[in-house]
Number of protein chains: 2
Amino acid sequence: MRTFVAVVDTGQFQDAATDLSITQQAVSKRIAGLEKYLAVRLFSRTPRGARLTIDGQAFLPHARELLRVAERAVASVLPGSRPLRVDVIASRTAPSGLMRGFHRAHPEIELDVVTLFDVETAVAAIRSGAIDASFRAVAMPGRPLPEDIESVWVLDEPLQLLTGPAHALAGARSVTVAQLAGHRIWMPGIVPGTEWAAYYDDLVAEFGLTIEATGPNFGSDALLDTIADTPGLATFMGEQTRLVWPAGHGLRRIPVTDPTPVYPHSLLWHRDNPHPALATLRAHLTAAAASHDAAGTWTPGWVIWR
Amino acid sequence: MRTFVAVVDTGQFQDAATDLSITQQAVSKRIAGLEKYLAVRLFSRTPRGARLTIDGQAFLPHARELLRVAERAVASVLPGSRPLRVDVIASRTAPSGLMRGFHRAHPEIELDVVTLFDVETAVAAIRSGAIDASFRAVAMPGRPLPEDIESVWVLDEPLQLLTGPAHALAGARSVTVAQLAGHRIWMPGIVPGTEWAAYYDDLVAEFGLTIEATGPNFGSDALLDTIADTPGLATFMGEQTRLVWPAGHGLRRIPVTDPTPVYPHSLLWHRDNPHPALATLRAHLTAAAASHDAAGTWTPGWVIWR
DNA sequence: TTAGTGCACAACTCACAGTTGTGTACCTTC
DNA sequence: GAAGGTACACAACTGTGAGTTGTGCACTAA
């Protein structure tokens, strides 16, 4: 591809060869190989150089795009000036939406989103410089954040109950936490040992709920199918979760009250991180954040805001 | 890249090797080579398979994107079901804008835009199936379109005068064609023998203008610089041409009247072309087209509408 | 312990990318 | 019209390196 673009830019095999520090014959072979692979003639050879054929013209923008993407791919792991790298707790929670909003507001900022195991891993990654920021609930019981990690509260995401049409609570406009006692709530894919698991452990302990975290996560589709088809089963889901809503499943989202369990999302970053886009992200989140109103909501006691 | 993605998708070097019909050792070597090139560890090897590192997670979307782009690049020259391929007369004329509008309205339609030499070449390319459609002025003097080529009028693009701030006509709100007699008008990059050149030839002959078509086209920037700096020089430019307006050059666009020379853009395509997107394009252009009002405008006598 | 799984290292082989050398086509110049 | 220059293709050769087979090590499960 590089050779193809070089020939286009110089207009000659000879000059492209010079640019690439190889012989004219090598360029000829490379182009011939590409043409053979594509089963299409890309250049018409003339005594004064090479001109793109129609197929070549159509191919050219794709070739340039490929080189751009390849460059970005390398840049994404290049130490030093790589894209801002942010850890989000799961692709179906509010932070993903926040990052989408940030990308819309600043499309010029290169961004890489990853998902780490838990807040411990995230903190270690931030300290080592492997990531620049992390959306997490701070912090695990009895484990204060290290001195060099800063954090700021971003938003509380209310949990909603998701049921199928045949569920006992399907008709309710809202349910209280007390009403949920005795109902089976299924949360597959919650990994033990993470702060997310700790969150639900506390929720269970405080209100006597029955949460089944067993079983691997077969993906969002499988979860929704099961919820829709099982009258005795429900699940929790973040209010801002954007589902690919399966048509005809009759799924219901029901707000939970008295109190409303909220999952507290904070942004964590390293005190000394010099990445210019990090400041932009923090400013964006500050501007987008609603004011903090904890009235009527519940979080585990170990949650820190500072 | 394919190997990297295969390992991610299967979770194991072994299974990726099976998918790719190579040995596990070859996969190991490929990944090791990629990691060496990037100077970064992409997988953490465990006795139960390979897990992405943080760098690997950041790299993954770029790798997938690269494979997608590569696939599109190949598809762009694949005979049979390739993207709609449209010839536009120049990137700075109305058809380019129309195609941008079409792409915005139908982003799902794959599109390749090329620029051919003249209407003769375009017609030949349409007949051979090399392109699907062409924006051209139909037709050259004394050369009717072949029977199997259909055409429809799309729009008339009024020409405007572009001058620098020191030009004699710079202050005019509009100029008549008669006023242009005696002024030097510079149109570099017009290739003799094309229907575009024929257009200006007719314009010169009919109104006694002085149009200099000499000199190669050094690009839009060079043209604008020269126009801005040369008080005695002006150029014609399509009304819908979107310029990267150089700041501080004081360039003026001045409408031309009595009559207004317009460049007639038509769409040409092959009667039997079965490409589904072609019908969509024609419907889009019909819907977007203004009604045809030729009053007060000028085109060469050989222009055909049918 | 033993068997099994999964990846890495080592040695070998051969395909092919790149090299040098040469040929052909076409344009320019006198 | 002959001579020289330019630009690309073909042919023969060479060396790198991608892939193979063979083996070893680390970890898990029974």
Side-chain angles (χ1 to χ4, degrees), chain A residues 1-57 59-60 63 66-67 70 73-74 117 191-193 216, chain B residues 1-57 59-60 63 66-67 70 73-74 117 191-193 216:
Chain A
M1 286 300 210
R2 249 182 263 283
T3 308
F4 171 73
V5 171
V7 171
V8 173
D9 288 344
T10 61
Q12 293 188 178
F13 283 35
Q14 199 73 256
D15 296 354
T18 309
D19 284 6
L20 299 168
S21 304
I22 56 176
T23 62
Q24 166 264 312
Q25 289 86 336
V27 172
S28 187
K29 266 190 160 186
R30 284 186 182 179
I31 299 300
L34 184 58
E35 288 179 330
K36 187 181 172 189
Y37 175 75
L38 297 172
V40 140
R41 202 143 187 81
L42 295 172
F43 293 102
S44 62
R45 279 76 161 173
T46 78
R48 263 182 275 165
R51 289 185 57 81
L52 281 173
T53 61
I54 298 178
D55 282 315
Q57 281 194 49
F59 191 67
L60 177 58
L66 190 88
L67 296 185
V74 173
F117 178 70
V191 187
Chain B
M1 286 301 210
R2 250 182 262 284
T3 308
F4 171 72
V5 171
V7 171
V8 173
D9 288 343
T10 61
Q12 292 187 179
F13 283 35
Q14 198 74 255
D15 296 354
T18 309
D19 284 6
L20 298 168
S21 304
I22 55 174
T23 61
Q24 166 263 312
Q25 289 88 335
V27 172
S28 186
K29 264 189 160 186
R30 285 187 181 178
I31 298 301
L34 184 59
E35 288 179 332
K36 187 182 172 189
Y37 175 74
L38 297 171
V40 140
R41 202 145 188 80
L42 296 172
F43 293 101
S44 62
R45 280 76 160 172
T46 77
R48 264 181 274 165
R51 290 184 56 80
L52 281 173
T53 61
I54 298 177
D55 282 315
Q57 281 193 51
F59 190 67
L60 177 59
L66 190 89
L67 296 185
V74 174
F117 178 70
V191 187

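The structure presented is a predicted model; accordingly, all values stated were derived computationally and were not measured. Chain letters run A, B, ... following the sequence lines, proteins first and then strands; every chain starts at 1.
Below 30°, between 30° and 60°, or above 60°: for A:Phe59 and A:Phe4 the angle between ring planes is above 60°, a perpendicular geometry.
Not a single donor-acceptor contact under 3.5 angstrom links the side-chain atoms of A:Gln25 to the base of C:dG18. One N or O donor and one acceptor, one from the side chain of A:Gln24 and one from the base of D:dA9, sit under 3.5 Å apart.
Rounded to an integer number of Å, the gap from CZ of A:Arg51 to P of D:dC8 is 13 Å. We find that CD of A:Gln12 is positioned 17 Å from P of D:dG5, with the value rounded to whole Å. Protein atom NZ of B:Lys29 is 15 Å distant from nucleotide atom C1' of D:dT23, rounded to whole Å. Following rounding to the nearest Å, B:Arg45 (CZ) and D:dC25 (P) show an atom-to-atom distance of 19 Å. Atom-to-atom, CD of B:Gln14 to C1' of C:dA8 comes out at 12 Å; the value is rounded to the nearest Å. In this structure, the CG atom of B:Leu42 is 12 Å from the P atom of C:dA8, given to the nearest Å. In this structure, the OH atom of A:Tyr37 is 18 Å from the C1' atom of C:dA17, given to the nearest Å. Atom P of nucleotide D:dC10 and atom CD1 of A:Ile31 are separated by 14 Å, given to the nearest angstrom.
Residue B:Ser28 has no polar side-chain atom (N or O) positioned under 4.0 Å from OP1 or OP2 of C:dC7. Dashed line: the shortest gap from a side-chain N or O of A:Thr23 to OP1 or OP2 of C:dG18 is not under 4.0 Å.
Across all non-hydrogen atoms, the minimal contact from B:Arg41 to B:Thr53 is O-OG1, 2.7 Å. Summarising the geometry of B:Phe13 relative to B:Gln24, their closest heavy-atom pair is CB-CG, 4.4 Å, with the distance given to 0.1 Å.
Comparing D:dC27, D:dG19, D:dA9 against the side chain of B:Pro47 picks out D:dC27 as the nearest.
Distance check: A:Met1 CE to A:Arg30 CZ gives 13.5 Å after rounding to the nearest 0.5 Å.
When A:Thr3, A:Asp9, A:Val7, A:Thr10 are each tested for a side chain to side chain contact (heavy atoms under 4.5 Å, CB included) with A:Asp19, only one passes: A:Thr10.
Using a 4.0 Å heavy-atom cutoff across all strands shown, B:Ala32 reaches no nucleic acid atom at all.
Positionally, the nearest nucleotide of DNA chain C for B:Arg48 lies more toward the 5' end than for the other of B:Arg48 and A:Ser21.
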